[in-house]
*Asks:* 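Below you'll find the structure I mean.
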Amino acid sequence: MVKKGRRGKSNETGKKKKMDGTEDPTQSGMRADKGMSRHLQAHIGRHLRAAFDEVAHEPIPDRLMQLLKHLDRDGDK
Amino acid sequence: MNRKVSASLRDALVGEMSNLRAFAVSLCGDRERADDLVQETLFKAWNHLDSFKEGTNLKAWLFTILRNTYFSDRRKRRREVEDADGSYAAMLSSVPEQHGHMDLQDFRIALARLPDDQREALVLVGAAGFSYEEAAEVSGCAVGTIKSRVNRARNRLGDMLGLEQGEELESRLTKTA
């Protein structure tokens, strides 16, 4: 395997990490640590936002909207 | 207590409800319980409006109330923690799939299986739009703690989803892209 484009520092064991803590994605299979490629991080990020947004885009249930109106109308406690 | 001043605050509350609800669902995995959580949060927020300084981070304040409520409820109901996996998975099976994307379904299940603190950190930073510093305030911990929880959550998700470095991952990503 040709090692090219090394921009990060490497330590004695040959592990490679860039300054920002992410892995150089051109390097595969040599990790002993748990760094993660930008691709995988982006993949997880997309799914995370999709799952969150799916709920966030649902209409607010009636009982919660009613509660807000109820609280406002009752005024001081 | 002058409630008129809270008209704009009420609008702000409405504005944050969707995100609060999405966060609640990510925490407890159950829409019914999530709505209970949001309801309880709204009550508490409303009753403690005097302790909120307008102009400061309302979203963070609301999220803090919600997550504190969730975790203190959970401490009271230890028994349900063991079942969390099963009930969440059961809920997921009734969620309609969008465009038959098993990928996202798999992801939701894996997300539900993370430890609560890791899932919370990941959602706050990766989906709810908070900075690490804000997430640390919401969770009541150090910024470094949030960062390590997020890293562990990502790694664990990667493991659970069977995603590994190498060509296998690259081809899988290009297929689902």
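Just so it is clear: chains get the letters A, B, ... in the order the sequence lines come, proteins before strands, and each one is counted from 1. All of these numbers come straight from a predicted model, not from anything done at the bench. Hydrogens, waters and symmetry mates play no part in the numbers below; they use all other heavy atoms, side chains included.
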*Asks:* Checking Ile60(A) against chain B: side chain, backbone, both or neither under 4.5 Å from a heavy atom?
*Replies:* side chain
*Asks:* With respect to chain A, which residue among Asp36(B), Leu13(B), Leu20(B) yields the maximal number of heavy-atom pairs within a distance under 4.5 Å?
*Replies:* Asp36(B)
*Asks:* Under 4.5 Å, counting heavy-atom pairs only, tell me which of Glu58(A), Met65(A), Arg49(A) racks up the most with chain B.
*Replies:* Glu58(A)
*Asks:* Looking only at atom types and distance, does a side-chain atom of Tyr132(B) sit under 3.5 Å from a main-chain N or O of Lys147(B), one as donor and one as acceptor?
*Replies:* no
*Asks:* Determine yes or no for a side-chain-to-main-chain donor-acceptor pair under 3.5 angstrom, with Ser139(B) supplying the side chain and Ala136(B) the backbone.
*Replies:* no
*Asks:* Only pairs of heavy atoms separated by less than 4.5 Å count here; which of Ala24(B), Ala127(B), Gly126(B) has the most with chain A?
*Replies:* Ala127(B)
*Asks:* Please flag which part of Ala128(B) lies under 4.5 Å from any non-hydrogen atom of chain A: side chain, backbone, both or neither.
*Replies:* both
*Asks:* Is a donor on one side and an acceptor on the other found under 3.5 Å between the side chain of Asp30(B) and the backbone of Arg33(B)?
*Replies:* yes
*Asks:* Measure Leu122(B) against the heavy atoms of chain A and call it side chain, backbone, both or neither at under 4.5 Å.
*Replies:* both
*Asks:* Mind checking whether Met17(B) and Leu68(A) have side chains closer than 4.5 Å, heavy atoms only?
*Replies:* yes
*Asks:* For the backbone of Glu120(B) and the side chain of Arg67(B), can you confirm whether one donor and one acceptor N or O come within less than 3.5 Å of each other?
*Replies:* no
